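Shown next, in structure tokens, is the structure this report addresses.
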Amino acid sequence: MTLDPEDSKIITLARAARARNGSAEGAAVRDETGRTYSATDVKLAALSLSAVQVAVAMAISSGARSLEAVAVVSEGAPGDDDRAVAAELGVPSLLVAGPDGTLRS
């Protein structure tokens, strides 16, 4: 499968965020203007967010109204909440890649 260069870019951003923080998952989103946001999961005693949730929150708090793409890099599968928030903002399916960047779905 050949990816659009912009989709490859957000997978790379998600991988870099994950590696930089040593996190279980990394995510990146692209908004309707082409701006990108990358994040990792947050695991605190009082707060637990997936990487997708953090990246989406960053985009929305920066003024994004919709998303063009969502990528998540993890050894596991994205949760139903990740898929739901992407769908709410116009992205019907996530780009899911393993830690090596190989696209799984």
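Keep in mind that this is a model prediction, so the values were computed, not measured. Numbering of residues begins at 1 and proceeds along the displayed sequence.
- Qualifying side-chain contact (heavy atoms from CB on, under 4.5 Å) partners for S23, counting only residues two or more places apart in sequence or in other chains: N21, T40, D41.
- Linking ILVMFWY side-chain heavy atoms closer than 4.5 Å, directly or via other members, places V72 and V42 in a single hydrophobic cluster.
- Tracing side-chain contacts under 4.5 Å through hydrophobic residues (I, L, V, M, F, W, Y), one never reaches I10 starting from V52; they form parts of separate clusters.
- With contacts defined as side-chain heavy-atom distances shorter than 4.5 Å, the pair K9/T36 qualifies.
- By the criterion of side-chain heavy atoms lying less than 4.5 angstrom apart, applied directly or through intervening Ile, Leu, Val, Met, Phe, Trp or Tyr residues, V29 is not grouped with L103; the two fall into different hydrophobic clusters.
- Counting heavy atoms of neighbouring residues, nucleotides and ligands inside a 6.0 Å radius, atom CZ of R65 does not exceed 12 of them.
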Return all side-chain donor-acceptor pairs below 3.5 angstrom for residues 88-99, not counting sequence neighbours, or 'none' if the list is empty.
none

Name each donor-acceptor pair under 3.5 Å that joins a side chain in residues 74-83 to protein atoms two or more places apart or in another chain, with its distance.
unit_1: S74; atom_1: OG; unit_2: G76; atom_2: N; d: 3.1
unit_1: D82; atom_1: OD1; unit_2: S50; atom_2: OG; d: 2.5
unit_1: D82; atom_1: OD2; unit_2: G79; atom_2: N; d: 3.4

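- Partners of A14 under the side-chain contact (heavy atoms from CB on, under 4.5 Å) rule, at least two apart in sequence or in another chain, are A28, V73.
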Take L49 and K43, measure what side-chain contact (heavy atoms from CB on, under 4.5 Å) needs, and give me the verdict at the end. CA-CA 7 Å; L49 297 170; K43 303 291 182 203; over 6 Å; no
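- Criterion: ILVMFWY side-chain heavy atoms under 4.5 Å apart, direct or through other members. Under it, L13 and Y37 are not part of a common hydrophobic cluster.
- In this view, R18 satisfies the side-chain hydrogen bond (donor to acceptor under 3.5 Å, both in side chains) rule with no residue, not counting sequence neighbours.
- Under the 4.5 Å side-chain heavy-atom criterion for ILVMFWY residues, a single connected hydrophobic cluster contains both V54 and I60.
- Counting only distance, with no hydrogens or angles, the side chain of E25 and the backbone of A51 share a donor-acceptor pair below 3.5 Å.
- Scored by the salt bridge (charged side-chain N to carboxylate O under 4.0 Å, His left out) test, R35 finds D31 as partners (sequence neighbours excluded).
- Closest heavy-atom contact between E32 and E68: O-OE2, 3.5 Å.
- Of all non-hydrogen atoms in S38 and R20, the two that sit nearest each other are OG-NH2, 4.3 Å.
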